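Beneath this line is the structure, given in structure tokens, with notes to follow.
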Amino acid sequence: MDLGISGRKAIVCGASAGLGRGTARALALDGVEVLIVARDPERLARAAAELAAETGHPVAHLAADVTTEGGREAVLAACPDPDILINNAGGPPVGDFREWDRETWIKALDANMLSAIFFMRAVIDGMIARRFGRIVNITSYMVKAPVAFLGLSNGARAGLTGFVGGLSRDVAPHGVTINNVLPGQFDTDRLRGNHQRQAEASGRDFDTVRAQAIRAIPAGRLGTPEEFGAMCAFLCSTHAGFITGQNILLDGGQVQGLL
Ligand code: NAP
């Protein structure tokens, strides 16, 4: 399917690996001019070169920490008028809420709530003026099915979700859509790290923890960054102009619920 967005400009945050990279790949495959952002400059440059070779389209890159004001300013200087914004950053640490002080909470809010809000604030009026905009926030299935050890993530992402619920309706008359995509368990560095920590904490080995995690997924497997990226790219397409303010779960059926 032609997504109808060839030549559009996109900022994809957190895109040297995992779900952000999968999204950058899907957008570039459709001819979008993609700028990928992550902190580690070497891994980022490698990802940009690999994505360009894989998709046949140039992929620009900028090393920045999107949780800082300076990082966001650098990204916006490199791409001041994006048609597409994919908000994404690393997830916060897991643990026991008794151990999380104010500083830990502020870091989680910066990464998984405020950075997305400040990026939206910076680009949305330009999108409104051009009468086209697509914003996708990568959140988590934990928004619908929270568990205590991911409390920092649940709290910050639920805040972003509530905020987007209002803003998405406000900008809908102007051709701008905002949606959140909620990954279940996808085979990325982040998930492998979480499984490793759970293994260490419970005295089990990594493969046992991973197999148990997969048993909880009715599809019987982990998701791939490519299929995650395909959904994000569709939401950025011209065909998805009537989808806004939604929380779209990609989880292989893991979350038990109808709505
Ligand atoms: P990942 O494999 O660890 O990749 C994260 C990417 O974001 C990397 O490119 C990383 O590069 C970049 N990044 C991290 N912090 C950043 C920052 N402050 N500024 C700019 N770039 C940053 O993670 P993932 O699995 O794709 O997960 C993406 C998001 O989805 C996370 O918030 C995660 O919690 C959430 N999620 C994932 C799953 C899953 O199953 N994978 C499930 C639920 C929710 P640098 O480190 O070099 O910056």
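This one's a predicted model, so the numbers in the text were calculated from it and none came from an experiment. Read the numbers this way: they start at 1 and go in the same order the structure lists the ligands and their atoms.
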Exercise. Is Asp189 paired with Arg43 through a side-chain N to carboxylate O contact shorter than 4.0 Å?
Worked result: yes
Problem set entry | Glu69, CD: over 12 other non-hydrogen atoms inside 6.0 angstrom | no
For this session: Please indicate whether Arg130 has more than 12 foreign heavy atoms, meaning atoms of other residues, nucleotides or ligands, lying under 6.0 Å from its CZ.
Result: yes
Give every donor-acceptor pair under 3.5 Å between a side-chain atom in residues 214-233 and any protein atom, sequence neighbours left out.
from: Arg221; atom 1: NH1; to: Glu227; atom 2: OE2; distance (Å): 2.7
from: Arg221; atom 1: NH2; to: Glu227; atom 2: OE1; distance (Å): 3.2
from: Arg221; atom 1: NH2; to: Glu227; atom 2: OE2; distance (Å): 3.3
from: Thr224; atom 1: OG1; to: Glu227; atom 2: N; distance (Å): 3.1
from: Glu227; atom 1: OE2; to: Thr224; atom 2: N; distance (Å): 3.0

For this session: For the pair Asn88 (side chain) and Ala15 (backbone), establish whether a donor and an acceptor sit closer than 3.5 Å, ignoring hydrogens and angles.
Result: no
Seminar exercise, completed: Residues with a heavy atom under 4.0 Å from ligand 1, by chain and number, are Gly14, Ala15, Ser16, Ala17, Gly18, Leu19, Ala38, Arg39, Asp40, Arg43, Ala64, Asp65, Val66, Thr67, Asn88, Ala89, Gly90, Gly91, Asn112, Ile138, Thr139, Ser140, Arg157, Pro183, Gly184, Gln185, Phe186, Thr188, Asp189, Arg190, Leu191
Exercise. Do the non-hydrogen side-chain atoms of Asp251 and Leu182 ever get within less than 4.5 Å of each other?
Worked result: no
